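Starting from 1, each residue takes its place in the sequence as its number. Quick caveat: nothing in here was measured; it's all calculated off a predicted structure.
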Amino acid sequence: MYARLTEQIGISVKDELLELALTHRSFSYEAGGIPTNERLEFLGDSVLGLIVTDELYKKFPDLDESRLSPLRSGVVNMRALAQIARDLKLGEHLRIGKGEEATNGRDKNSILADSLEALVGAIYLEHGYLKSAEIVLNWIAPAIVSATSQGVGLDGKTALQEIAASLNLSAPEYEITESGPDHDKSFTANAILSGEKFPIGHGKSKREAEQLAAKLAHEILSSRGSKSN
């Protein structure tokens, strides 16, 4: 019944679980109150959050909570989850009511994102955490790359390092100069990647100058990346 969908999601799930995960409340209302996907969505939301949190915690050991939280939000949000659902063609399989059908409900971000979370809940119930994590991380890898390439939640130097790696550039190096008396020093820094020197960052400390230089280089590389896509 759902062979094409299980091929898309990369793992087998019992038909009855998939049917429940795909049943929107609008369909339930018109069908006399049959169970909806909301309980599975509740479960899947927590499972998804743990998987992403665990991955970011391991991937960025130098980031504190204040930076990990926005990074996670950049990966697990309605728009990002809806896009994953679109990639999986989840909308084609949704059970939605006539009203939602008439207003393009199969492509609404909210419905798609909620249904994806319900699907994660279904996968978790059948296969457990480790297999769910394997599947989910495969889905969200591009979202993590996108969020980190945009510098979401990352300090300037870490963000530059991430985008440099994604563009196959050398690891950033910094050329530092200092001026002024000991009690009032000023610093300038240039980020250098693969032989290219980027604009100067100024600061009252070496770290401040490097962070600003990294931010400037990151903005330039991000702009180039968006133009090439």
request  = Indicate yes or no: at least one non-hydrogen side-chain atom of V52 is less than 4.5 angstrom from one of L137.
outcome  = no
request  = With the side chain counted from C-beta on, respond yes when E175 and K197 share a heavy-atom pair under 4.5 Å apart, and no when they do not.
outcome  = yes
task = State, with a plain yes or no, whether a side-chain heavy atom of I51 is found less than 4.5 Å away from one of S132.
result = yes
ask   = Are the side chain of N37 and the backbone N or O of L40 linked by a donor-acceptor pair below 3.5 Å?
value = no
query = Between F198 and N190, is a side chain to side chain contact (heavy atoms under 4.5 Å, CB included) present by the stated rule, with each step listed?
reply = CA-CA 6 Å; F198 290 82; N190 292 96; over 6 Å; no
ask   = With no hydrogens and no angle check, is any side-chain donor or acceptor of S186 less than 3.5 Å from a backbone partner on S179?
value = no
task = Please answer: with hydrophobic residues joined when any side-chain heavy atoms are less than 4.5 Å apart, are L216 and I192 in the same cluster?
result = no
note = When rounded to the nearest 0.5 Å, the distance separating CG of L71 from CZ of F60 is 5.5 Å
task = Take Y2 and V13 through the side chain to side chain contact (heavy atoms under 4.5 Å, CB included) test and state the conclusion after the steps.
result = CA-CA 9 Å; Y2 291 107; V13 181; over 6 Å; no
key: Side-chain donor-acceptor pair present, S69, E65, cut-off under 3.5 Å   = yes
ask   = Are I200 and L193 co-members of a hydrophobic cluster defined by side-chain heavy atoms under 4.5 Å apart?
value = no
message = With rounding to the nearest 0.5 angstrom, report the CD1 to CG distance, I123 to L18.
response = 8.0 Å
query = Which of these, T53, L48, I140, sits in a side chain to side chain contact (heavy atoms under 4.5 Å, CB included) with V76?
reply = L48
query = For I96, does its backbone N or O pair with a side-chain atom of E100 as donor and acceptor, under 3.5 Å?
reply = no
task = Compare all side-chain heavy atoms of Y124 with those of L119 and state whether any distance is below 4.5 angstrom.
result = no
task = Please answer whether the main-chain N or O of D107 pairs with a side-chain N or O of R86 as donor and acceptor at a distance below 3.5 Å.
result = yes
Pair K98 + E30, salt bridge at N-O below 4.0 Å = no
S26 side chain to G97 backbone, donor-acceptor under 3.5 Å = yes
key: Residue pair L125, L43: steps toward the side chain to side chain contact (heavy atoms under 4.5 Å, CB included) verdict   = CA-CA 9 Å; L125 286 179; L43 175 63; 3.7 Å; yes
query = Are there more than 12 heavy atoms of other residues, nucleotides or ligands under 6.0 Å from atom NZ of K215?
reply = no
query = Is there a donor-acceptor contact under 3.5 Å linking the side chains of D87 and Q83?
reply = yes
message = Testing the 3.5 Å rule here: is there a donor-acceptor pair between the side chains of T36 and R25?
response = no
task = Give a yes or no answer on whether the side chain of R106 reaches the backbone of G91 with a donor-acceptor pair at less than 3.5 Å.
result = yes
inquiry  = Would you say L17 ends up clustered with V120 if hydrophobic residues are merged whenever their side chains have heavy atoms under 4.5 Å apart, either directly or through other cluster members?
reply    = yes
key: Interatomic spacing from CZ in F42 to CD in E117 - rounded to 0.5 Å   = 11.5 Å
request  = Show your working on salt bridge (Lys or Arg N to Asp or Glu O under 4.0 Å) between K206 and E178 and close with a plain yes or no.
outcome  = CA-CA 8 Å; K206 176 182 174 182; E178 60 180 76; over 6 Å; no
Side chain Q211, main chain K157, donor-acceptor under 3.5 Å = yes
ask   = D114 and side chain to side chain contact (heavy atoms under 4.5 Å, CB included): which partner among E38, E41, H24?
value = E41
remark   = Tightest non-hydrogen contact, residues A189 and I176, listed as CB-CD1, 3.5 Å
message = So which atom in S170 and which in S194 form the shortest heavy-atom distance, rounded to 0.1 Å?
response = OG-N, 2.6 Å
message = Hydrophobic clusters here meaning ILVMFWY residues chained together by side-chain heavy-atom distances under 4.5 Å, can you tell me if L90 and F27 are in one?
response = no
task = Hey, could you give me the CD1/CD1 distance between I11 and I135, rounded to the nearest 0.5 Å?
result = 4.5 Å
task = Quick one: closest heavy-atom pair of A209 and G201, and the distance?
result = CB-O, 3.7 Å
message = One thing to verify: whether E210 and R207 come together as a salt bridge, which I'm taking to mean a side-chain N less than 4.0 angstrom from a carboxylate O.
response = no
Over 12 foreign heavy atoms within 6.0 Å of OH, Y129 = yes
ask   = Is the number of heavy atoms from other residues, nucleotides or ligands under 6.0 Å of K89 NZ greater than 12?
value = no
query = Does any N or O in the side chain of H93 come within less than 3.5 Å of the main-chain N or O of E19, such that one atom is a donor and the other an acceptor?
reply = no
query = If you take all heavy atoms of M78 and A113, which pair is closest and at what distance?
reply = O-CB, 3.7 Å
key: Atom pair CD (E219) and CG (L160), whose distance is rounded to the nearest 0.5 Å   = 11.0 Å
inquiry  = Within this structure, what is the NE2-CD1 distance for the pair H218 and I163, rounded to the nearest 0.5 Å?
reply    = 4.5 Å
inquiry  = Would the distance check show the side chain of E126 and the main-chain N or O of K14 forming a donor-acceptor pair, the cut-off being under 3.5 Å?
reply    = yes
Verdict with supporting geometry, L5 and L22, side chain to side chain contact (heavy atoms under 4.5 Å, CB included) = CA-CA 11 Å; L5 177 58; L22 298 167; 3.9 Å; yes
inquiry  = If I compare all heavy atoms of A118 with all of A21, which pair ends up nearest, and what's the gap?
reply    = CB-O, 3.6 Å
request  = Find out whether I34 and R95 are in side-chain contact, i.e. whether some heavy atom of one side chain is under 4.5 Å from a heavy atom of the other.
outcome  = yes
message = I need the minimum non-hydrogen distance between A80 and V75, along with the two atoms involved.
response = CB-O, 3.3 Å
